[in-house]
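Structure record follows, encoded as structure tokens.
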Amino acid sequence: MQENYVHNNIEKKAQSKWRDSKIFEVNESSPKPKMYCMSMLPYPSGKLHMGHVRNYTITDVLARFYKMNGYNVVHPIGWDAFGLPAENAAMKSKVAPAEWTYQNIANMKAQLENMGLSIDWARELATCSPDYYRHQQWFFTQLYKSGIIYRKNGTVNWDPVDQTVLANEQVIDGRGWRSGATVIKKEIPMYYFAITKYAEQLLADLDQLGGWPEQVKVMQRNWIGKSLGMEVEFAGCDGFDGLTVFTTRPDTLMGVTYVAISAEHPLAEEAANHNAALAKFMYECKAGGVSEAELATAEKVGMFSGLYVTNPLNGEKVPVWVANYVLMNYGTGAVMAVPAHDERDFEFATKYNLAKKIVIKPQKEDSNYDPEVRAYTDYGVLVNSGKFDGMNFEQVFAAIEEELTSRKIGQVKVNYRLRDWGISRQRYWGCPIPIIHCEHCGDVAVPKADLPVRLPEELIPDGSGNPLAKNPDFVNCRCPQCGAEARRETDTMDTFVDSSWYFLRYTCADNQEQMLDERVKYWAPVDQYVGGIEHAILHLLYARFFYKALRDLGLVNGDEPFKNLLTQGMVLAETFYRQNPNGSKDWYSPMDIDVVKDAKGNLLRATYKGDGREVEYGGIEKMSKSKNNGIDPDPIINRFGADTARLFIMFAAPPELTLEWTESGVEGSNRFIRRLWRMVFEHQQYGIVERYKSGELTPEQKKLRTQLHQTIAKVTNDMGVRKQFNTAIAAIMELLNSYSKVAFTGENGRALSQEVLEAVVVLLSPITPHVCDALWNELRPDTELLEQAWLVVDESALDVDEVEMVIQVNGKLRGKIMVAKSLTKDEIEVMAKENTNVQKFIEGQAIKKLVVVPNKLINIVV
RNA sequence: GCCGGGAUGGUGGAAUUGGUAGACGCGCCGGACUCAAAAUCCGGUGCCAGCAAUGGCGUGAGGGUUCAAGUCCCUCUCCCGGCACCA
């Protein structure tokens with residue numbers, strides 16, 4: 001054994017051993033229980049970034065932990081290979097998205113291999129491969145036939161200069177990112193997945209997800225947004241049509257002072273035909289992007305439509321306004337406005353001087369309440385509402401329901417905020433939608449025999465719309481039903497479709513004939529899913545929806561795809577810059593900066609290694625190209641080794657929190673590995689022995705052995721249950737700190753030293769697998785670490801006869817005592833009162849109360 | 001704007017079920033080894049007062065519940081994630 005730790009050879013050797021033995025390639029024939037452990041599908045951006053490294057390290061630690069705990073573990077990987085960045089790269093450097101993407105995958109795969117992951121590479125897939133998307137197209141046709149997919153108009157961001165549809169992120173302050181033109185909302189036909197048909201199940205089945213973070217379930221619940229309300233018809237006046245509103249507050253119906261409708265509402269269109277000013281206003285409403293964040297923060301504007309409708313309860317004539325704050329795709333596209341009891345209506349009514357009528361009496365004495373100052377939105381007892389006066393919410397809901405239903409002008413309605421999922425994208429680099437438009441037969445799904453609809457891989461988009469639409473070879477085709485000349489659909493699918501089922505395809509990626517086969521029923525559901533919190537809503541909701549749709553086709557078992565979910569935080573790093581005279585900033589990589597700190601550890605100055613001159617500190621930010629603070633994993637792994645990088649990532653923060661990258665922290669992790677190496681080296685110099693089983697130990701040895709088995713228990717719980725790897729590592733560090741202070745004299749002492757080192761190597765092996773593999777070979781030659789079982793706690797080592805208890809007086813710490821476990825509560829109380837420091841605080845005072853928490857503390861209240 | 005989350009020493013974080021705040025690491029200070037440096041090892045390190053024993057203060061701000069609050073409740077500030085075409 002070498003005296004010093006050198007990572008290169010160790011890591012290469014372990015990696016080739018794992019590769020050659022195919023130890024991480026698994027199948028369904030194992031007698032062990034299955035464990036499906038997986039990271040979210042990475043986008044092949046070109047270079048591995050620290051977010052990927054973190055993601056894969058977490059699943060790798062769990063996969064290795066479960067493997068040693070007797071599970072048949074699968075840990076697959078694939079590539080989310082369609083999407084916008086490839087088109088952007090194509091526009092920039094004239095390289096075809098396909099070529100760019102496949103090159104990126106090759107680069108990133110090589111980088112991942114250096115990390116020593118326990119991945120089953122035989123299952124690797126890329127969503128841009130026809131072998132993958134042909135099955136997706138087939139699934140699309142199945143959903144299309146079963147009515148889950150339909151076509152309707154949807155609103156997109158339209159760049160009138162580039163004549164192209166823009167993604168929300170390509171709209172900056174209401175303008176196109178390339179042209180700078182004001183973006184307008186445009187209606188185009190699109191395909192929709194009827195996810196709302198599953199709204200109730202998606203909501204109810206959240207209760208099955210005990211292994212999900214509560215916050216993610218809350219976000220999904222709110223996103224689905226189930227609400228109970230009423231649809232109420234308002235009859236039109238002066239010969240115009242009426243309209244229907246949806247409201248969750250029918251109790252305020254008598255307080256309606258106007259009705260507001262969306263600019264896309266049919267009635268608004270109708271009114272605009274006779275009203276030039278209104279038409280102009282509605283055109284102005286079309287300016288700007290379609291994102292909800294943009295709509296919600298835009299200033300509320302509106303215009304009177306000239307129309308009136310009648311309040312069905314009291315017959316009052318109220319004006320109809322067209323307002324930009326009403327969403328056409330929620331409810332009915334029309335709302336009844338009650339300014340006295342709704343924030344948004346209040347703001348709008350105040351701006352346009354519309355009436356406010358109080359119909360709810362504040363429940364408590366509320367001296368602040370003034371309808372001209374703010375809206376009162378709580379529930380309460382009705383006033384100014386005629387026969388409904390004095391009723392509470394439940395009573396008036398029932399009374400109004402009865403009246404409206406008997407008059408057939410309203411009904412109780414459950415409404416969801418969730419909208420159907422528009423999947424059409426007017427883009428080239430995506431999965432073609434397998435539909436053929438025929439003049440005679442309409443929209444025809446492509447038959448299975450004709451799949452896949454291949455995406456030509458040589459096209460290069462130029463930013464002026466979808467090149468597929470200009471490609472006659474792609475567009476021109478024959479109708480599969482009547483054989484007439486027909487036109488192929490040129491829109492491609494949202495990439496969220498690709499990522500909604502890839503985890504099922506991993507189980508049978510080699511099956512050319514079928515989308516999924518019996519093997520999916522062995523592996524699904526995913527037992528442990530790990531990915532960024534930014535996917536808490538959309539990706540996870542779409543994948544859940546897909547799973548249910550696949551279940552209804554008989555392709556998978558169960559209701560939910562992901563049993564346990566862990567949402568990881570982002571990776572951040574320090575930023576450094578110099579300000580240019582024109583105000584712009586040049587950003588310097590933290591790798592190229594030297595830092596000087598004062599005696600308290602505060603940053604005094606930072607200098608650029610290139611020229612030795614000072615730079616400004618810009619705080620800690622998410623790693624990004626724009627701030628030049630991305631840390632490339634390659635040089636880190638080359639310099640310190642993958643084990644150091646993995647250890648740092650797992651130690652610096654718990655997985656859900658943001659992770660701050662610091663070079664000194666990486667060095668600290670490397671120092672710990674070298675220290676462990678030296679300890680094994682020194683132990684080995686005296687010869688390896690059998691690990692401790694029984695026999696006399698010195699008191700300090702006995703104490704160390706107790707700590708060892710406490711550590712085994714803690715690490716097992718931290719890794720397997722809490723998934724808090726940082727505290728597991730800290731506990732191992734503490735154990736080694738204690739180890740280094742103990743004298744391992746005698747035969748039993750040597751055996752204890754062997755026991756501790758073997759245990760540490762096993763405990764650490766999921767996190768730093770390469771160095772642990774090498775150390776294991778030194779401690780137990782001719783055996784394989786990966787074949788070892790996880791450690792079992794020796795309960796007898798945990799037995800201690802004394803515990804430390806703290807004594808508080810009035811909740812303040814005043815002393816500590818060692819207490820034999822056999823003592824009674826009364827005996828402990830006496831001991832506590834006898835403590836000299838405690839006496840100073842209780843002397844001459846009556847003891848009002850005395851609390852004893854067993855094995856923890858005594859609180860004396862005086 | 002709406003939904004979700006976060007804030008603890010110089011710093012990343014720990015405190016698992018309301019029970020010793022600051023584990024472990026980094027940084028910094030001091031020491032050993034060395035011609036010297038690096039590496040390594042040993043000790044110290046929340047703030048204030050004190051030679052010390054010890055005491056006072058202290059978990060974003062303000063209030064509350066409790067024998068006891070970083071942890072529970074209310075109000076607020078700032079930061080982060082998502083908002084349906086970034087992935």
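Chain letters run A, B, ... following the sequence lines, proteins first, then strands; residues in each count from 1.
A:Lys816 comes within 4.0 angstrom of a base, heavy atoms only. Backbone-only contact: A:Val218 has heavy atoms under 4.0 Å from sugar-phosphate atoms and none from a base. Counting any heavy atom pair closer than 4.0 Å across all strands shown, A:Leu857 reaches a base atom. Within 4.0 Å (heavy atoms only), A:Leu418 reaches at least one base atom of the nucleic acid. Residue-level contact check: A:Phe841 touches the backbone only, with heavy atoms under 4.0 Å from sugar-phosphate atoms and none from bases. If you check every strand for non-hydrogen atoms under 4.0 Å, A:Ala652 touches sugar and phosphate atoms only. A:Asn717 comes within 4.0 angstrom of a base, heavy atoms only. Note on A:Glu292: a base of the nucleic acid sits closer than 4.0 angstrom, heavy atoms only. Looking at heavy-atom distances under 4.0 Å, A:Ser669 makes no contact with the nucleic acid at all. In this structure, A:Glu343 reaches neither bases nor backbone, as no heavy-atom distance under 4.0 Å exists between it and the strands shown. Residue-level contact check: A:Gly569 touches neither bases nor backbone, having no heavy atom under 4.0 Å from any strand. Contacts of A:Glu660 with the nucleic acid, taken as non-hydrogen atoms under 4.0 Å apart, involve only primed sugar atoms and P, OP1 or OP2.
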Dot-bracket encoding per residue of RNA chain B, Watson-Crick/G-U cut-off under 3.5 Å, | denoting interstrand: (((((((..(((......[....)))((((((.......))))))((((....))))..(((((..]....))))))))))))....
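A:Trp421 has its ring centre no less than 6.0 Å from the ring centre of A:Tyr192. Between A:Tyr132 and A:Trp501, the distance from one ring center to the other falls under 6.0 angstrom. Not less than 6.0 angstrom separates the ring centroid of A:Phe651 from the ring centroid of A:Phe725.
Below the 3.5 angstrom threshold, one finds a donor paired with an acceptor across the side chain of A:Asn859 and the base of B:C67. In the interface, the side chain of A:Lys714 is paired with the base of B:U16 through a donor and an acceptor atom under 3.5 Å apart.
For A:Gln839 (side chain) and A:Lys833 (main-chain N/O), a donor-acceptor pair under 3.5 Å exists by modelled atom type.
Taking atom CD1 of A:Ile537 as the reference point, atom C1' of B:G5 lies 12 Å away to the nearest angstrom. When rounded to the nearest whole Å, the span between CG of A:Asn835 and C1' of B:U20 equals 14 Å. Between A:Leu538 atom CG and B:C3 atom C1' there is a gap of 13 Å when expressed in whole angstrom units. A:His49 places its NE2 atom 16 Å from the P atom of B:C86, with the value rounded to the nearest Å.
The side chain to side chain contact (heavy atoms under 4.5 Å, CB included) test with A:Ile842 is passed by exactly one of A:Asn810, A:Asn835, A:Val862: A:Val862.
Proximity of A:Asn4 to the phosphate of B:U40: no side-chain N or O atom is located under 4.0 Å from OP1 or OP2. Between A:Asn726 and B:A14 there is a side-chain N or O to OP1 or OP2 distance below 4.0 Å. Under 4.0 angstrom from either OP1 or OP2 of B:U20 there lies no side-chain N or O belonging to A:Arg814. In this model, the phosphate group of B:C67 is approached by a side-chain N or O of A:Lys849 to a distance below 4.0 Å at OP1 or OP2. For A:Arg722 and B:A14, the shortest distance from a side-chain N or O to OP1 or OP2 is not below 4.0 Å.
Where A:Gln170 and A:Arg678 meet RNA chain B, the nucleotide closest to each residue was compared, and A:Arg678 sits on the side nearer the 5' end.
Of the charged side-chain nitrogens involved, none lies within less than 4.0 Å of a carboxylate oxygen, so that A:Lys152 and A:Glu187 do not count as a salt-bridged pair.
In this structure, the nucleotide among B:G13, B:G4, B:C67 sitting nearest to the side chain of A:Ala653 is B:G13. The nucleotide whose nearest atom lies closest to any side-chain atom of A:Asn222 is, among B:C3, B:U16, B:C67, B:C3.
In this pair, A:His535 and A:His539 present their aromatic rings perpendicular. The plane angle is above 60°, beyond the 30 to 60° band.
Taken to the nearest 0.5 Å, the OG1 atom of A:Thr495 stands 11.5 Å off from the CD1 atom of A:Ile423.
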